[in-house]
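Just so we're clear, the structure is a prediction, and the values are computed from it rather than from any experiment.
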Amino acid sequence: MSDTLSKLTYQTFQQGKNYFSFAHKILTSRLRNLVHPTLAQTSQFIPQEAIPKLQNRLNQLLETDWQDAEKGIYPTSVLFDNPWEDFFRYYPLIWLDLPASWERSLKNSQQVFSPEIDKDSYPSYYLQNFHHQTDGYLSDLSANLYDLQVELLFGGSADAMRRRIIAPLKRGLAKFQFLSPKQIRILDVACGTGRTLKMIRAACPQVSLYGTDLSPAYLRKSNELLSQNPLELPQLLQANAEELPYLDNYFHVVTSVFLFHELPNTVRQSIIEQCFRVLKPGGILIICDSIQKSDSPELTQVIDNFPKMFHEPYYRDYTTDDLVERLKKADFENIDTQVHFLSKYFIAHKPV
């Protein structure tokens, strides 16, 4: 397939996902407003004037995604990696789960878990029905639906935003080129369903990958996804990121995707310090998370609306939190930030 045809196919593929996500949002909103009219009063749509800005940001993200693949930062095949089997299997379950989600939203009851779930071993801030999800992050249903829910939320761009960590990751590894790939160790903190690890594996097929997450259900899903790859499996551990179970100075790169906006501010600092501890001198930390008000003032209303429409108890604080200062406090240096569509990136280096 020629590069021109490949790019056109990619653009069409992404546009199709965007249209489908938009249609899904419209249909679910109308049904919700019909069933629970009072929820319509608290839910706000994206302001009309913000739509062209968001579309421009999305177009820029997709162009950067294509260019990185064209440069060989990761294979072009990852651009078309869509779990169709999961889509057809789990999309109906998203609809079936909506009434319970709306009921929790209506009653503002967001710490509800099934009786069989053991809640004793988790920090209190984690015991939330984030995004109004049934059982929060602690059930197999949640793990099975998560990736599809996030893709629908971001108009099919969630994977493209995740992939923005790969270019700085590979640049950071250049200083360790004297090592064989097998000696390189990369940790993904709060690895969730394993989507980020899968992308890193595609870009760096021989490095040693590690992942931690608090949820056993999400680790099961991650293992299921990553075991489909014939290459070496990442080493996955159930662990609280506030106490990473690794030696000091062990990893060359630590990544974390879509974690920090779901943490209280003191916990953000603790996890940053843990990441610093387990990194080797010269290693890099790459954080991908939501945009913040300081770098996206034109989208302030969109940012303010988000925690109102989705249960995100720590998001408002995150949007004004100075993570650069937090990184400096942990002794990181040479800190860079980037913004792509609705995500912000922090790339920080541990001194040599």
Side-chain angles (χ1 to χ4, degrees), residues 57 61 64 123 125-126 128 130-131 150 154 158 160-169 171-172 186-192 196 200 211-214 239-244 251-300 302-307 310 312-351:
R57 281 176 171 240
L61 168 70
T64 302
Y125 62 81
Y126 189 71
Q128 305 278 346
F130 292 103
H131 314 155
V150 174
F154 290 121
M161 288 192 289
R162 287 187 183 101
R163 284 192 287 270
R164 304 282 59 73
I165 72 167
I166 297 179
L169 183 153
R171 285 195 296 270
I186 299 174
L187 169 67
D188 188 35
V189 175
C191 64
T196 301
I200 296 173
T212 64
D213 203 274
L214 260 176
N240 188 331
E242 296 179 82
E243 299 177 352
L244 291 173
F251 294 101
H252 301 85
V253 179
V254 174
T255 63
S256 182
V257 177
F258 301 150
L259 167 67
F260 278 73
H261 72 278
E262 294 187 340
L263 301 170
N265 55 32
T266 55
V267 177
R268 290 182 211 127
Q269 187 66 45
S270 298
I271 292 176
I272 286 172
E273 290 170 1
Q274 280 290 297
C275 292
F276 184 89
R277 179 185 66 79
V278 301
L279 271 171
K280 286 181 174 293
I284 62 169
L285 168 65
I286 306 171
I287 297 170
C288 161
D289 215 292
S290 166
I291 53 174
Q292 295 182 295
K293 289 185 177 181
S294 60
D295 44 61
S296 303
E298 74 279 14
L299 296 177
T300 295
V302 176
I303 293 171
D304 286 342
N305 286 348
F306 186 75
F310 302 92
E312 289 286 5
Y314 314 111
Y315 183 82
R316 190 179 301 279
D317 179 79
Y318 164 84
T319 61
T320 57
D321 196 9
D322 191 341
L323 263 69
V324 171
E325 281 303 311
R326 291 193 180 280
L327 290 162
K328 289 179 180 178
K329 184 178 178 180
D331 291 332
F332 280 102
E333 63 180 19
N334 190 19
I335 301 165
D336 182 33
T337 62
Q338 302 174 8
V339 172
H340 297 283
F341 190 35
L342 295 174
S343 287
K344 184 171 183 177
Y345 304 77
F346 300 85
I347 300 107
H349 298 74
K350 184 171 180 175

Partner residues of Y318 under the ring-ring contact (aromatic ring centres under 6.0 Å, His included) criterion, sequence neighbours left out: none
Minimum heavy-atom distance between E333 and P351, given as atom pair plus value: OE2-CA, 3.5 Å
Gap between atom SG of C275 and atom CG of L187 - 0.5 Å precision: 7.0 Å
Distance (rounded to the nearest 0.5 Å) between K328 NZ and L323 CG: 12.5 Å
For S256, side chain to side chain contact (heavy atoms under 4.5 Å, CB included) partners two or more places apart: V189, L259, F260
Test side-chain contact (heavy atoms from CB on, under 4.5 Å) applied to E312 and F130, step by step: CA-CA 6 Å; E312 289 286 5; F130 292 103; 3.8 Å; yes
Interatomic distance, Y126 atom OH to L214 atom CG [nearest 0.5 angstrom]: 5.0 Å
ring-ring contact (aromatic ring centres under 6.0 Å, His included) involving F332 - partner list, sequence neighbours excluded: F276
Worked check of side-chain contact (heavy atoms from CB on, under 4.5 Å) between L169 and I186: CA-CA 9 Å; L169 183 153; I186 299 174; 4.0 Å; yes
Criterion side-chain contact (heavy atoms from CB on, under 4.5 Å) on L327 and L285, from CA distance to verdict: CA-CA 10 Å; L327 290 162; L285 168 65; 3.7 Å; yes
No-hydrogen, no-angle side-chain donor-acceptor test under 3.5 Å, H131 and E262: yes
Spatial distance of atom CG (D331) from atom CD1 (I272) [nearest 0.5 Å]: 12.0 Å
Pairs touching residues 341-350 that satisfy salt bridge (charged side-chain N to carboxylate O under 4.0 Å, His left out), sequence neighbours left out: D295-K344
Qualifying residues under side chain to side chain contact (heavy atoms under 4.5 Å, CB included), relative to N265, sequence neighbours excluded: R268, D317, D321, R326
Set of residues satisfying side-chain hydrogen bond (donor to acceptor under 3.5 Å, both in side chains) with respect to K293, sequence neighbours excluded: D304
CA sep, side-chain torsions, deciding dist, call: I271, L263, side-chain contact (heavy atoms from CB on, under 4.5 Å): CA-CA 10 Å; I271 292 176; L263 301 170; 3.5 Å; yes
Listed partners of R164 passing side-chain hydrogen bond (donor to acceptor under 3.5 Å, both in side chains), at least two apart: D65, D68, Y74
Counterpart residues, ring-ring contact (aromatic ring centres under 6.0 Å, His included), relative to F310 (two or more places apart): F306
Reported CD1-to-OG distance for the pair I291 and S343, which is rounded to 0.5 angstrom: 8.0 Å
Residues in side chain to side chain contact (heavy atoms under 4.5 Å, CB included) contact with Q274, at least two apart in sequence or another chain: L244, R277
Heavy-atom pair of closest approach, residues N334 and H349: O-ND1, 3.0 Å
Residue list, side-chain hydrogen bond (donor to acceptor under 3.5 Å, both in side chains) with E325, at least two apart or on another chain: none
Set of ring-ring contact (aromatic ring centres under 6.0 Å, His included) partners for F346, sequence neighbours left out: none
Partners meeting side chain to side chain contact (heavy atoms under 4.5 Å, CB included) with E273 (sequence neighbours left out): Q269, A330
Interatomic spacing from CD1 in I303 to CD in E298 - rounded to 0.5 Å: 8.0 Å
Distance-minimising heavy-atom pair for D188 and V257: OD1-N, 4.4 Å
Minimum heavy-atom distance between D213 and C191, given as atom pair plus value: OD2-N, 3.4 Å
For G172 against I284, the heavy-atom pair lying closest together: CA-CD1, 3.7 Å
Distance-only polar pair, side chains of S296 and R57, donor-acceptor under 3.5 Å: yes
Output field: ring centroids H261/Y314 closer than 6.0 Å: no
Closest non-hydrogen atom pair between C288 and I165, with its separation: CB-CG2, 3.8 Å
Minimum side-chain heavy-atom gap P123-V267 below 4.5 Å: no
